[in-house]
Amino acid sequence: MRRYIHIFRLWFYEECSDALRLRRFICTGDQVSPSVSSDSEQLVSNIVSIFTKKPFHRDSPELRNLAPALTTKVVESVLNRFKSWKIAHEFFDWASSQSGYMHNCYTINALAAVLSGARRNAEMKTLSSYLVNSRCPMTPGALGFFIRCLGNVGMVEEADAVLNQAKDLGLCIPNKYTYNCLLQAISRSDKVEILEMRLKEMTDFGWELDKFTLTPVLQMYCNLGRMKCAMRVFEIMGDQDWLDVHSLSIMVLRLSKLCLTDEVFELIQKMESRNIRLNEQTFCILIHGFVKESKLDAALELFDKMKRSGFTPEISLYDTIIEGLCKKGQLKRALDLYLEMRESGISPDSKLLIKLSDFFSEEQMIQLLEELPEGMDTKMVTLYYNLLLTFYIKAGLTDKAHIMLRGIMGSDSNSHDTAMDSLIKFKGADFVSTASFNIVISGLIQKGEVDSAVGLFLDMGQVHCRPTVEIYNNLIEALCNSNKLDVAKDLLREMEATSGLSPTQFTHNCIFGCLCRREDTIGAIDMVKVMRVYAHEPWIKHSSDLVKRLCNKGRVTEACSFLADLVEEGFVPDIVAYSTAMRGLIQTHKIDQAMELFRDLQAQGCRPDVVAYNILISGLCKAKRVSEADKLFEEMLEGGLFPSVVTYNSMIDGWCQIGDVDRALLCLSKISRKAQEGGPDVITYTTLIDGLCIAGRPDEALTMWDEMKRQGCVPHSITFMAMIKGLSKSGRPEEARSYLKEMLREGMKPQIYVYVALLEALISEQKLEETFQVLREMLEIGSFPELKDKWHVALRDVLAKLVQDERTSSSIRALVAEGHLGPHLSDTDR
DNA sequence: GTAGGGTTAG
């Protein structure tokens, strides 16, 4: 860079003295709309209308007739008239293929302007090639224009290449303007080498540089953050008196980006003395930037300068600064600025006010209200009132908001809240709006005060406020959520009949959902019939919820007919709702009906998912119809579904149930160990441990336990219980006991059947003392099962044996005497 | 302003 600066200096001193040669470069080459005769004007209109009409045929006879009259001036005019780049492109293409017609540099530039504005880089590239290949001669200005179009879409290398090609092919002798255009294009990129090369070329030509040459150079160095170079260029420009608003903006914006705040102000000051001032846009950008970096003093200083320069800031600028001040906790300054804005005649919008209310205290909000000038616009007063209402609601002071709103309405004449009374200077229907009600009603609903919300809603008419759909929906939703269905339905009726508003699907679904929660199948279907008229789809989550509730209560038939009714009304439930129903059927032992439903769905083109298959497979397995389950398993594989661990677990359980443990073990080996699917889980191992023990293979069960632990799978209480019960039943109570001890150590509490199995195993081995010990342990953690308990009898048999043996009989009698074995035993076992 | 609801071991 230093070398070039040196070269610039040389020129400036040697050549700039020549006033004539310092003249402003006036050949801008910009496109000027061609003037066309009135005949041609007609032609232009015709072509435009043909090309914008649909359907469009480029071989239409109309077009063929117009073609011979085509001139470049006409084409240029037509191109300037299209709003769509596509049509412009199409037309340009059509024109090029008409015999006797050839584009010139102006028509090409007209298209270039359109494409560049629409940021169509690919099409610009094609046009570049067309320009060169068509050997179209260009004036230096026209080439400059084209280059600027390329620059606008960031096609710097293409711009650079076009200049060379045009020059090499002799299509154009570029002048300084052309080069300046190129420099400008390059300055939008980071290709400083290209820029410096072109600059050198220009000096080699002996051209004197001007501000249009150096401004891009300044821009480039600023973009790259090479501030020393930028400063030098800036100095040179200053020496030549070439500085203007534009170059100042470039410099100042860069300095502010580099956080050189002092330098920014220094520069602005210096330029002011030269009578160069920032434009409004630059002021705005700088101020926004300062606020963003929390430099509020700088922002405010500049803001003052901006106003002194005669610019009237827009609300968005006030908005930014006020928000910045609020965030920094400088609320006093924010409020002052806000008042200043209001005095300057800018009406604050609710967005800004709501922002303010996020930061202000109640006192500050009230101050805002107190400063309302007399005779202020009623709408504005309402806006302020609503602001305070919002504030109260946000702060959780719902009652205060409620009282205030009633105060403004004037319906609370005997209120004793004097502070509130003095706050409300303006009272009456004019000062409340629908929004006021919306704010307070929503607040009341949030607090769960639905009745108050409805009460307030009913009073809206007094002050001539019309409720909105939103208010109705809010209320209806809240009423439905608190199961006040009748009131909700009343409101729905009123909404349509009195207020003339249409319920939305949300409105209807609130009520539908409530009916589903109430398990009111008939009501729900009636609602669906209403909804069908509005084409409002009943939400599936509500339908599924109803099906689930019914199934849980054994009302499966009702659930199924509800689903069928939905279909009847044209709303087909999804696989989830059907899965719930199928499970309901299975739980009531209606497996065949579940299968039937499943097959029906498939027949209607529904593809059941893994979960649906799982439900059926597990149902079949539980009913020991394992081979049918296996067929379903195969079917899901054929259908391209991947069985999940759940599927395998159910199959494993099934095989175990019918005593085919080996097939169960085969299943285990098939469970994917991919990280994603997680491999076998506790349920897998638990099922297998149980199955192996039942099959009389306790040793393998023990191995399985170890394998499980090796896989990092932690046993939990069901696993322990399976192991303890299994070992007991296999006649290995000693080992079972050690697992029981471990289980207790882990803080898990076994269910009673585990003790029963263990006690029975010990008894059958005549280990009476141990039996007694285990019984004592059992009683330590729980009480003796009641008479109606399914294990009562079994335990009683155990007791009977203990009582009969002399080693344990006295201990048992002691337990009975102490009441540890419950009231029923005292007489029977004596 | 509105997407989570259905599956396995005792």
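Below, chains carry the letters A, B, ... as their sequence lines are ordered, and counting in each starts from 1. Computed from a predicted model, the values in this text were never measured in an experiment.
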Asker: Taking CG from Leu692(A) and P from dA9(B), how many angstroms apart are they, rounded to a whole number?
Answerer: 18 Å
Asker: Once you round it to whole Å, what is the distance between P of dT7(B) and CZ of Phe642(A)?
Answerer: 23 Å
Asker: Nearest to the Phe506(A) side chain among dG1(B), dT8(B), dG5(B), which nucleotide is it?
Answerer: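 Nearest nucleotide to the side chain: dG1(B).
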Asker: Classify the nucleic acid contact of Ile617(A) as base, sugar-phosphate or nothing, counting any heavy atom under 4.0 Å across all strands shown.
Answerer: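 Answer is nothing: Ile617(A) stays at 4.0 Å or more from every strand.
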Asker: Output the single nucleotide from dT8(B), dT2(B), dG6(B) whose closest atom is nearest the side chain of Gln505(A).
Answerer: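 Of dT8(B), dT2(B), dG6(B), dT2(B) is nearest to the side chain of Gln505(A).
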Asker: What's the closest nucleotide to the Val576(A) side chain, out of dA9(B), dG6(B), dT8(B)?
Answerer: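 Nearest nucleotide to the side chain: dG6(B).
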Asker: Just wondering, do Leu795(A) and Ile752(A) contact through their side chains at under 4.5 Å, heavy atoms?
Answerer: yes
Asker: What integer distance in Å separates Leu641(A):CG from dT7(B):C1'?
Answerer: 14 Å
Asker: What does Tyr753(A) touch in the nucleic acid at a heavy-atom separation under 4.0 angstrom: a base, only the sugar-phosphate, or nothing?
Answerer: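 Contact class for Tyr753(A): sugar-phosphate only.
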Asker: Whole-Å distance between dG1(B) P and Ile445(A) CD1?
Answerer: 15 Å
Asker: Round to the nearest Å and state the distance from Gln657(A) atom CD to dT8(B) atom C1'.
Answerer: 12 Å
Asker: Does dT7(B) have its OP1 or OP2 closer than 4.0 Å to a side-chain nitrogen or oxygen of Arg583(A)?
Answerer: yes
Asker: Could you tell me how far apart His716(A) (NE2) and dT8(B) (C1') are, to the nearest whole angstrom?
Answerer: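 These atoms are roughly 11 Å apart.
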Asker: Closest approach to the side chain of Ala612(A), judged atom by atom: which nucleotide of dT8(B), dG6(B), dG10(B) is it?
Answerer: dG6(B)
Asker: Choose from dG5(B), dT8(B), dG10(B) the nucleotide whose nearest atom is closest to any side-chain atom of Asp574(A).
Answerer: dG5(B)
Asker: Which is it for Glu558(A) and Lys553(A) under the salt bridge (charged side-chain N to carboxylate O under 4.0 Å, His left out) test, yes or no, and what are the steps along the way?
Answerer: CA-CA 11 Å; Glu558(A) 220 179 318; Lys553(A) 296 205 169 153; over 6 Å; no
Asker: Please confirm whether any donor atom in the side chain of Asp609(A) sits under 3.5 Å from an acceptor in the base of dG6(B), or the reverse.
Answerer: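 By the distance-only test, yes, there is a pair.
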Asker: Please evaluate the base of dG6(B) for a donor-acceptor partner in the side chain of Thr580(A) within a cut-off of under 3.5 Å?
Answerer: no
Asker: Kindly compute the distance separating CG (Leu479(A)) from NZ (Lys484(A)), expressed to the nearest 0.5 Å.
Answerer: 7.0 Å
Asker: Within this structure, what is the CG-to-P distance between Asn481(A) and dG1(B), rounded to whole angstrom?
Answerer: 17 Å
Asker: Between Phe562(A) and Phe512(A), how do the two ring planes meet: parallel, tilted or perpendicular, split at 30° and 60°?
Answerer: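 Parallel: the ring planes of Phe562(A) and Phe512(A) meet at under 30°.
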Asker: With a 6.0 Å cut-off (strictly less than), is the heavy-atom count around CZ of Arg466(A), excluding the residue itself, greater than 12?
Answerer: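 Result for CZ/Arg466(A): open.
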Asker: Salt bridge (Lys or Arg N to Asp or Glu O under 4.0 Å) with Arg710(A): which residues, sequence neighbours excluded?
Answerer: Glu707(A)
Asker: So, using side-chain hydrogen bond (donor to acceptor under 3.5 Å, both in side chains) as the criterion, who are the partners of Asn614(A) when residues are at least two apart?
Answerer: Ser644(A), Thr647(A)
Asker: Whole-Å distance between dG10(B) P and Met723(A) CE?
Answerer: 16 Å
Asker: Can you tell which of dG1(B), dG10(B), dA9(B) lies closest to the side chain of Gln751(A)?
Answerer: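 Of dG1(B), dG10(B), dA9(B), dG10(B) is nearest to the side chain of Gln751(A).
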Asker: Can you confirm whether or not the ring centre of Trp705(A) sits under 6.0 Å from the ring centre of Phe720(A)?
Answerer: yes
Asker: Where the side chain of Asn473(A) is concerned, which of dG1(B), dT8(B), dT7(B) is the nearest nucleotide?
Answerer: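 It is dG1(B).
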Asker: Output the residues of residues 533-565 of chain A in contact with DNA chain B, where contact means a heavy atom of the residue under 4.0 Å from an atom of the strand; sort by number or write none.
Answerer: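 Correct list: Trp539(A), Ile540(A), Lys541(A), Ser544(A), Lys548(A).
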Asker: Students often get this wrong, so: under 4.0 angstrom with heavy atoms, is Ile615(A) touching a base, only sugar-phosphate, or nothing?
Answerer: sugar-phosphate
Asker: At less than 3.5 Å, do the side-chain atoms of Asn614(A) and the base atoms of dG6(B) form a donor-acceptor pair?
Answerer: no
